[in-house]
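Written below as structure tokens is the structure these notes are about.
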Amino acid sequence: MAAIPLRSSGDTQQRSADNGATAVLVFPSRSLPSKAPRLRLHLSPPSLVGGELAVLSRTLTDGWIAPAGPVPEQFEQAVGEAAGFAHTAAVASGTAALHLGYRVLGVERGDEVWTQSLTFVATIAPAVQMGARPRFLDVSAESWTLDPNLLEDQLQKAATKGRLPRAVVPVDLYGQPCDLDAILAVCGRWGVPVLCDSAEALGARYRDRPVGKGAALAAFSFNGNKIITAGGGGALVSDDPALIARARHLSTQAKETAPHYQHETTGYSYGLSSVLASVGLAQIGALDARVAERRRVFDRYAGALSDLPGLSLMPEPSWARSSRWLSVIQIDPKAFGTTREAVRRALEAAQIESRPVWKPLHMQPAFRGARFHGDGLSGRLFERGLCLPSGSMSAEEQDRVIDVIRGCCKG
Ligand SMILES: *Cc1c(COP(=O)(O)O)cnc(C)c1O
């Protein structure tokens with residue numbers, strides 16, 4: 001794609017995010033008071049909060065560009081506070097944070113790593129690339145996250161065979177916290193560490209605490225499509241200083257303290273640039289407002305759609321306060337009168353992006369041969385589930401989505 005100059009007239013710049021969601025950067029208008037109406041509505045476009053340029057300009061004026069220095073440190077501090085963890089390593093992506101998590105938990109070739117089947121590929125990709133064998137478990141109907149009862153059954157069986165996983169990785173799906181206390185209780189019985197993939201859930205709460213809190217490690221993402229973005233970035237957090245010190249060491253090429261270059265192991269170039277950390281720093285102050293906004297979007301969909309036969313929305317258990325990163329509906333084709341795919345195509349024809357729920361990993365050719373446990377709820381959610389535009393938008397824009405969906409219902 002040809003380089004597109006940054007313009008400040010309300011133009012949008014389109015690019016593809018890692019996970020297939022199309023992201024659009026909206027540059028606030030400096031000269032024009034009113035924004036041109038957007039034709040295409042995207043799932044989760046990044047939007048600026050307003051302070052980005054000021055922080056960036058201070059960073060550049062001070063001469064800080066490298067993935068080191070005070071700005072990434074300030075960003076780590078801010079992420080730690082927002083996430084409620086004592087120690088944070090800010091890194092280049094959420095996937096990098098997960099990779100470092102697997103390294104510091106000692107995942108090695110041949111080890112098993114267990115996660116829920118219903119998730120984005122990045123949850124497990126780094127572990128598989130390290131030679132670990134994935135095992136996929138189904139999600140529970142109450143939360144669409146890792147089913148703790150199923151986990152308990154399977155850990156029991158694995159323990160009997162002496163083949164416990166090296167790590168269990170629940171996912172806070174679409175911003176919905178997993179049932180972490182139940183998962184920690186089960187994993188704790190056999191000493192299996194928990195790495196929480198909270199990439200989609202910064203700002204969500206589980207019982208009365210921030211999401212992921214209590215796990216050995218949690219990973220966040222600041223990709224362009226996430227609730228807070230640095231334009232790219234991630235963070236690994238823990239309350240164990242040794243784990244984060246080790247992750248930091250590995251993220252900067254595992255250099256030992258010596259005047260020459262000395263390495264006991266190999267690491268990665270995973271540091272977060274000061275330029276991106278500046279953007280993240282400006283954005284993170286808006287976290288609570290962004291979560292409130294996403295929750296309002298979800299509530300508005302719920303109010304306008306839940307009377308339709310065969311249409312239901314993603315549940316939220318009593319112990320969860322989801323960030324509602326994405327609003328997700330389910331379509332029962334019999335009662336609704338048409339399929340999820342027909343609804344998706346109708347939205348597409350109206351210039352509205354929507355996406356099926358994650359295709360379960362046990363159904364992905366990339367993981368052919370991996371074991372799966374469960375009754376297949378993940379697959380049914382994939383068949384019937386649709387993610388709707390969930391970012392900052394006007395009531396009129398959201399009404400466009402609502403009208404198309406209502407128009408599809410033949411039930
Ligand atoms: C976005 C995402 C990641 C990866 O984060 P990146 O910053 O894009 O590398 C990992 N897991 C889940 C569940 C995600 O949604």
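For ligands, and for the atoms within them, numbers begin at 1 and follow the listed sequence. All values reported here derive from a predicted model rather than from experimental measurement. Note that the numbering runs from 1 along the sequence shown for the chain.
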Go through ligand 1 atom by atom and flag the ones less than 4.0 Å from a non-hydrogen atom of [X].
{"X": "N223", "value": "7 (O), 8 (O)"}
{"X": "G233", "value": "7 (O)"}
{"X": "S93", "value": "7 (O), 9 (O)"}

*For E293, enumerate each residue passing the salt bridge (charged side-chain N to carboxylate O under 4.0 Å, His left out) test, keeping only those at least two apart in sequence or located in another chain.*
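Expected list: R290.
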
Can you find an N or O of [X] that's nearer than 3.5 Å to an N or O of ligand 1?
{"X": "G94", "result": "yes"}
{"X": "S221", "result": "yes"}
{"X": "N225", "result": "no"}
{"X": "W325", "result": "no"}

*A96: heavy atom below 4.0 Å from ligand 1, yes or no?*
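A96: no contact with ligand 1 (<4.0 Å).
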
*asked:* Which residues pass the side-chain hydrogen bond (donor to acceptor under 3.5 Å, both in side chains) test with Y270, not counting sequence neighbours?
replied: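 Here the qualifying residues are H99.
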
Quick one about [Y] and [X] (side-chain donor to acceptor, distance below 3.5 Å, no hydrogens or angles considered), yes or no?
{"X": "E316", "Y": "Q176", "value": "no"}
{"X": "T265", "Y": "R103", "value": "yes"}
{"X": "E256", "Y": "H249", "value": "yes"}
{"X": "R300", "Y": "S327", "value": "no"}

*Where's the contact between A199 and ligand 1, heavy-atom distance under 4.0 Å: side chain, backbone, both or neither?*
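Near ligand 1, A199 shows its side chain, while the N, CA, C and O stay back.
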
*Under 4.0 Å from ligand 1, counting heavy atoms only, is it the side chain of T95, its backbone, both or neither?*
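Both of them.
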
*Relative to each other, are the rings of W114 and H373 parallel, tilted or perpendicular (30° and 60° limits)?*
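Ring orientation, 0 to 90° scale: tilted.
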
